[in-house]
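In what follows, every chain begins at residue 1, and chains take the letters A, B, ... in the order their sequences are listed. Side-chain atoms are counted along with the backbone in the values below, which use heavy atoms only and exclude waters and symmetry mates.
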2 protein chains.
Amino acid sequence: MLGLGLIGGSLLRAATAAGRTAWGYNRSSEAVDAARAEGFDAGTDLAAALARAAATDALIVVAVPMPAVEAILGAVAEHAAGCPLTDVVSVKAPVLAAVRRHELGARYVGGHPMAGTAESGWSASFAELFENAVWVVGAEDDSDPQVWAAVAGLALECGAVVVPAEAGEHDDAAARISHLPHLLAEALAIAGATGGDLALSLAAGSFRDGTRVAGTAPELVRAMCEANADALLAALDETLEVLNAARLQLAEQRSTVDLVSVGYTARRRYEGTGRTEITGIAPGAPGWVQQLREAGRAGGVLRSL
Amino acid sequence: MLGLGLIGGSLLRAATAAGRTAWGYNRSSEAVDAARAEGFDAGTDLAAALARAAATDALIVVAVPMPAVEAILGAVAEHAAGCPLTDVVSVKAPVLAAVRRHELGARYVGGHPMAGTAESGWSASFAELFENAVWVVGAEDDSDPQVWAAVAGLALECGAVVVPAEAGEHDDAAARISHLPHLLAEALAIAGATGGDLALSLAAGSFRDGTRVAGTAPELVRAMCEANADALLAALDETLEVLNAARLQLAEQRSTVDLVSVGYTARRRYEGTGRTEITGIAPGAPGWVQQLREAGRAGGVLRSL
């Protein structure tokens with residue numbers, strides 16, 4: 001585990017608890033000291049951690065924030081270029097591009113556990129973070145089936161369900177259901193506060209729920225949204241079109257019929273979403289990547305390999 | 001009570017429970033039959049209900065949806081023009097304008113109990129609906145202090161706290177904290193569903209909470225939003241400006257800093273909003289309306305008269 005923050009730390013705990021031999025690297029000694037004090041195998045020597053991975057062909061997990069990914073990949077390319085490689089960064093296409101720039105693509109399969117808390121750092125980490133969470137595992141045309149199975153296996157052992165998705169499709173989906181909600185919540189909070197104390201004293205459930213995630217630490221919201229800037233921009237533009245059309249209908253016809261009827265149908269569809277189980281697709285079989293992607297697009301999840 | 005739906009029905013129950021002599025009118029006999037079966041005083045004869053009000057100088061409460069207000073006010077003007085008059089419609093400036101058109105302004109003080117459920121009709125009504133709810137009571141320059149005290153007294157007896165506000169200020173505030181949240185929730189639901197089953201299967205808390213009220217029955221959302229079209233249009237335009245600025249910063253600087261930092265501050269302000277009690281302002285004393293409005297603007301509530 002390269003990085004022992006909330007996700008990397010929780011992953012070191014969960015993998016160890018699942019009986020794996022796992023060790024962690026972190027740049028700052030604070031997290032390393034705390035992990036060691038709890039009996040975990042951790043250090044601040046990146047080259048040493050990678051040399052050990054290279055010697056055992058261990059699965060390397062990049063668990064640092066997006067701005068630190070480039071430097072970590074440089075070290076991986078130098079010390080452990082042949083190892084199977086994954087990551088847990090919340091955006092997938094930019095990581096894939098960076099991996100390819102470092103010529104590490106052959107044994108890379110990206111990942112994104114959709115799990116987190118408002119807290120961060122090793123001190124917030126816990127082994128159960130991934131239980132029943134969705135863990136997206138990257139399904140690219142050139143994905144290595146053995147590495148794919150290794151990454152999906154890690155996710156399943158940590159208690160997650162696996163959703164296969166191509167990097168760009170993941171980023172588009174995440175923009176819609178995770179990053180755009182944050183931008184709209186911020187905008188709604190601003191609209192309420194601009195109304196002053198009177199408006200805030202009248203606010204009830206719709207405002208409270210609609211602005212909840214605007215209470216998340218600004219640096220976390222920014223890191224998440226800005227790392228996925230391209231996909232978020234596309235989703236935001238689409239939503240601005242929807243809202244502009246609604247504005248026009250409200251101004252010209254004093255009606256909200258189009259927005260409200262389509263929005264209601266959309267929410268009902270979401271409420272009715274059930275997870276079907278993906279079965280019978282073996283990584284490496286003919287057409288396996290395309291089949292997994294199709295199944296993921298249809299809302300399916302893998303619960304075992 | 002003219003109208004025995006969720007609000008009017010609950011008000012008939014609550015006023016009766018508080019020891020008042022109260023009777024209700026409803027156009028359809030279904031609600032009337034149900035109310036009578038429970039022992040309430042109700043009928044389908046509007047002229048008779050109003051003649052009784054005129055004979056006793058009773059406080060008339062208009063509790064019909066906005067589209068039916070005009071006809072009800074016509075009957076009030078015909079049969080009980082001298083009675084103190086209020087309403088519980090969710091928008092205030094259009095009702096005030098209609099009241100003035102019918103020359104009923106002298107003894108009218110508007111009201112809006114900020115209470116409701118997803119259900120509607122007499123069968124959904126209950127006496128405790130208003131407990132600890134905010135009940136906006138209209139404070140206009142020409143408000144009659146006796147009627148004002150009567151309307152505020154009814155709200156307090158029903159268990160609500162009273163927020164004094166001028167009609168236009170109420171509508172602006174309601175647009176920001178109640179109607180705009182619905183439009184944004186609908187737009188977010190659409191953005192998620194457009195992402196297909198993959199996006200919906202990845203959706204977690206931010207999407208669930210941000211779209212919750214898009215599950216409200218479309219006709220209720222439309223009635224609420226469209227009745228407040230003018231104020232909602234202003235709030236929507238303001239929010240479109242905020243989102244367009246955010247879009248520009250995201251596209252040009254790949255940053256969300258302005259939106260996220262201002263939004264976070266706004267949500268924190270909302271979380272820190274406490275209700276101060278308004279005391280020492282007697283309806284009728286010099287400057288009372290202006291003082292009550294100022295206190296309401298500052299987030300104050302009346303808990304007694």
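For B/V213, the part sitting under 4.5 Å from any heavy atom of chain A is the side chain, from C-beta outward, and nothing else. Interface residue B/D237: only side-chain heavy atoms are found under 4.5 Å from chain A. Only the side chain of A/T239 has a heavy atom closer than 4.5 Å to any heavy atom of chain B. Residue A/A235: no heavy atom, backbone or side chain, is found under 4.5 Å from chain B. Contacts of A/T256 with chain B are made by both backbone and side-chain atoms, with heavy-atom separations under 4.5 Å. When heavy atoms are compared at a cutoff of 4.5 Å, A/L202 approaches chain B by way of both its backbone and its side chain. Proximity to chain B (any heavy atom under 4.5 Å) is shown, for A/T194, by both the backbone and the side chain. Heavy-atom distances place the side chain of B/V134, and not its backbone, under 4.5 Å from chain A. Both the backbone and the side chain of B/V257 come within contact range of chain A, judged by heavy atoms closer than 4.5 Å. For chain A, no part of B/H112 is nearby; none of its heavy atoms comes within less than 4.5 Å. For chain A, no part of B/A185 is nearby; none of its heavy atoms comes within less than 4.5 Å. With a 4.5 Å cut-off on non-hydrogen atoms, B/I190 touches chain A through its backbone and its side chain both.
By number of non-hydrogen pairs under 4.5 angstrom with chain A, the leading residue of B/V301, B/L236, B/L259 is B/L259. Of all the listed residues (A/A251, A/A165, A/G210), the one sharing the greatest number of non-hydrogen pairs under 4.5 Å with chain B is A/A251. Among B/P181, B/A204, B/A173, the residue with the largest count of heavy-atom pairs under 4.5 Å with chain A is B/P181. Listed options A/A227, A/G296, A/G274, A/G300 were ranked by heavy-atom pairs under 4.5 angstrom with chain B; first place goes to A/G296. Counting heavy-atom pairs closer than 4.5 Å to chain A, the top-ranked of the candidates B/L240, B/V242, B/L233, B/T265 is B/L233. Most heavy-atom pairs under 4.5 Å with chain B, from the set A/Q253, A/H170, A/R212, A/H182: that is A/R212. When B/A189, B/S206, B/S201 are compared by the number of non-hydrogen pairs under 4.5 Å with chain A, B/S206 comes out ahead. For the set B/A175, B/G205, B/S178, B/G195, the entry with the most heavy-atom pairs within less than 4.5 Å of chain A is B/G195. Taking B/A133, B/G299, B/P218, B/C225 one by one and counting their heavy-atom pairs under 4.5 Å with chain A, the maximum is reached by B/P218. Highest contact tally toward chain B, considering only A/M114, A/E219, A/R269, is held by A/R269 [criterion: heavy-atom pairs under 4.5 Å]. Between chain B and the options A/S261, A/A187, A/G192, A/A174, heavy-atom pairs under 4.5 Å are most frequent for A/A187. Contact tally against chain B (heavy-atom pairs below 4.5 Å) for A/D172, A/I177, A/V221, A/L198: the top residue is A/I177.
A/S90 contributes no side-chain N or O that, together with a main-chain N or O of A/M224, makes up a donor-acceptor pair within less than 3.5 Å. In terms of modelled atom types and a separation under 3.5 Å, the side chain of B/Q249 and the main chain of B/D258 share a donor-acceptor contact.
Atom CD of B/E241 has 12 or fewer neighbouring heavy atoms from other residues, nucleotides or ligands inside a 6.0 Å radius.
No side-chain heavy atom of A/E277 sits less than 4.5 Å from a side-chain heavy atom of A/L302. Residues B/L129 and B/L6 meet the side-chain proximity criterion, which asks for heavy atoms closer than 4.5 Å. B/V137 is listed as a side-chain neighbour of B/V109, based on a closest heavy-atom distance under 4.5 Å. Within the 4.5 Å cutoff, the side chain of A/P113 has heavy atoms near those of the A/V88 side chain. Residues B/Y264 and B/R267 have side chains not in contact (no heavy-atom distance under 4.5 Å, counting atoms from C-beta outward).
Salt bridge A/E271/A/R268: present, at least one basic N to carboxylate O contact under 4.0 Å. Salt-bridge formation is not detected for the pair B/K92/B/E169: no Lys NZ or Arg NE/NH1/NH2 atom is positioned less than 4.0 Å from an Asp or Glu carboxylate oxygen. Using a cutoff of 4.0 Å between basic side-chain nitrogens and carboxylate oxygens, B/R297 and B/E294 are scored as salt-bridged. The pair B/R176-B/E238 meets the salt-bridge criterion, with a side-chain N (NZ, NE, NH1 or NH2) lying under 4.0 Å from an Asp/Glu carboxylate O.
Shown here are the side chain to side chain donor-acceptor pair (under 3.5 Å) partners of B/R275, two or more places apart in sequence or in another chain: there are none.
Considering CD of B/Q290 and CG of B/D141, their distance stands at 5.5 Å, rounded to 0.5 Å.
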